[in-house]
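We name chains A, B, ... by the order of the sequence lines, and we start the count at 1 in each one. Just so it is clear, the values below take in all heavy atoms, side chains as well, and ignore hydrogens, waters and symmetry mates. Here the structure is a predicted model, which means the values were calculated and not measured.
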2 protein chains.
Amino acid sequence: MTTLTPATAADRTGVSIDTLRYYEKEGLIGPIRRSAGGRREYTEDDVFWIGLVTCFRDAGLGIADLREFVAILRSDHTPRDRVVFLRERRSAMEQRVAALHRAMGVLDEKIAYYS
Amino acid sequence: MTTLTPATAADRTGVSIDTLRYYEKEGLIGPIRRSAGGRREYTEDDVFWIGLVTCFRDAGLGIADLREFVAILRSDHTPRDRVVFLRERRSAMEQRVAALHRAMGVLDEKIAYYS
DNA sequence: CTCGGATCTGGAGCGCGCTCCAGGTCAAGG
DNA sequence: CCTTGACCTGGAGCGCGCTCCAGATCCGAG
């Protein structure tokens, strides 16, 4: 199975090497497998997961949120627990969307005023 | 015309006194009028503007964005300049909404999976 | 075998957005 | 007056999320 060097993984995910190591240290990804010499070897699965993390980071989730996300999905939680957690996150995101819409409304007013 | 003390203004806007002073120092609000003794006296207009600032902060705009926002709306820019700026901000917000929707989509998948 | 570029680790540094603190001033009640 | 509490200023401190650095190690090309 082919694996990716840190540089390639960084390139493919758009996340810097430093940030990849930071995410791994914080438990958001990995642990990433190592070669005999100690270098990281990213699998396609790792890349996929990094994509998910990036997606959530872009949506404004913090590192602690994501750590919790990983913990909930990986460890021994009931499906119910997971659904509860996921719904909470979803609801927080809805509120962020609502805040954005409010601000966009204000912008629209101003735009209309100056047009 | 009745004015508000810092504590009252903080209470009414939900923004802490320290943050109000910080916003003023950064040029996001005010300058706030002072009493003979040097204390701040917030007008209803100030409170309204603080509400706008809060709305944009909640939508994720940074301090620098807001400073620019104030500058654009207050100083000698053409309506065209203002509209260009406002549309840029709006478009950035739309992208944030899109990022949120992507993440919510992922969450929905997981929720469906565990339900 | 040697060289150079990629990677490793631990830790320092940084920009943002507050938040807190010390030391002093103002003003209303007693 | 004097006390008390809200407020003032300048500046330090903090949590977050990276980002950068030094010094060592690995490894493929020549």
Scan the side chains in residues 49-66 of chain B for donor-acceptor partners under 3.5 Å anywhere in the protein, sequence neighbours excluded, and list what turns up.
unit_1	atom_1	unit_2	atom_2	d
Trp49(B)	NE1	Leu28(B)	O	2.7
Thr54(B)	OG1	Ile50(B)	O	2.8
Arg57(B)	NH1	Leu61(B)	O	2.4
Asp65(B)	OD1	Arg89(B)	NH1	3.4
Asp65(B)	OD2	Gly62(B)	N	3.0

Side chain to side chain contact (heavy atoms under 4.5 Å, CB included) between Arg34(B) and Glu41(B), worked out | CA-CA 6 Å; Arg34(B) 305 303 186 94; Glu41(B) 298 179 326; over 6 Å; no
Hey, can you pull the residues of residues 6-26 of chain A with a non-hydrogen atom under 4.0 angstrom from DNA chain C?
->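 Heavy-atom contacts with DNA chain C come from Pro6(A), Ala7(A), Ile17(A), Arg21(A).
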Of the residues in residues 45-74 of chain A, which ones touch DNA chain C at a heavy-atom distance under 4.0 Å?
->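 Of all residues in residues 45-74 of chain A, none places a heavy atom under 4.0 Å from DNA chain C.
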Not counting sequence neighbours, which residues clear salt bridge (Lys or Arg N to Asp or Glu O under 4.0 Å) with [X]? List them please.
X	value
Glu88(B)	none
Glu109(A)	none
Asp108(B)	Arg90(A)
Arg12(A)	Glu44(A)

Answer whether the closest heavy-atom distance between the side chains of Arg87(A) and Ser91(A) falls below 4.5 Å.
->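 No - every pair of side-chain heavy atoms lies 4.5 Å or more apart.
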Are any non-hydrogen side-chain atoms of Tyr42(A) and Thr13(A) less than 4.5 angstrom apart?
->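 Heavy-atom side-chain distance check fails, nothing below 4.5 Å.
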For chain B, the stretch of DNA chain D it reaches, first to last nucleotide, under 4.0 Å of its heavy atoms =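 In short, chain B contacts DNA chain D from dA6(D) to dT9(D).
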With sequence neighbours left out, what residues match Tyr114(B) under side-chain hydrogen bond (donor to acceptor under 3.5 Å, both in side chains)?
->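 Tyr114(B) satisfies side-chain hydrogen bond (donor to acceptor under 3.5 Å, both in side chains) with Arg82(A) only.
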Restricting both atoms to N or O, compile the protein contacts to nucleotides 26-30 of chain C shorter than 3.5 Å, with distance only.
unit_1	atom_1	unit_2	atom_2	d
dC26(C)	O2	Arg39(B)	NH2	3.3

Heavy-atom count around Arg67(B) CZ within 6.0 Å, excluding the residue itself: above 12?
->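 For Arg67(B), atom CZ is crowded (more than 12 foreign heavy atoms under 6.0 Å).
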Both distances under 3.5 Å, Watson-Crick or G-U wobble: on that basis, could you give the dot-bracket string for DNA chain C, with [ ] for crossing pairs and | for other-strand partners?
-> ||||||||||||||||||||||||||||||
With Tyr22(A) via ring-ring contact (aromatic ring centres under 6.0 Å, His included) - residues at least two apart =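 If we apply the ring-ring contact (aromatic ring centres under 6.0 Å, His included) test to Tyr22(A), skipping adjacent residues, there are no hits.
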Answer yes if the side chains of Asp11(A) and Thr8(A) hold a donor-acceptor pair under 3.5 Å, and no otherwise.
->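 Short answer, no.
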Presence of Thr5(A) side-chain N/O under 4.0 Å of dA6(C) phosphate oxygens OP1/OP2 =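 For Thr5(A), the contact criterion (side-chain N or O under 4.0 Å from OP1 or OP2 of dA6(C)) is not met.
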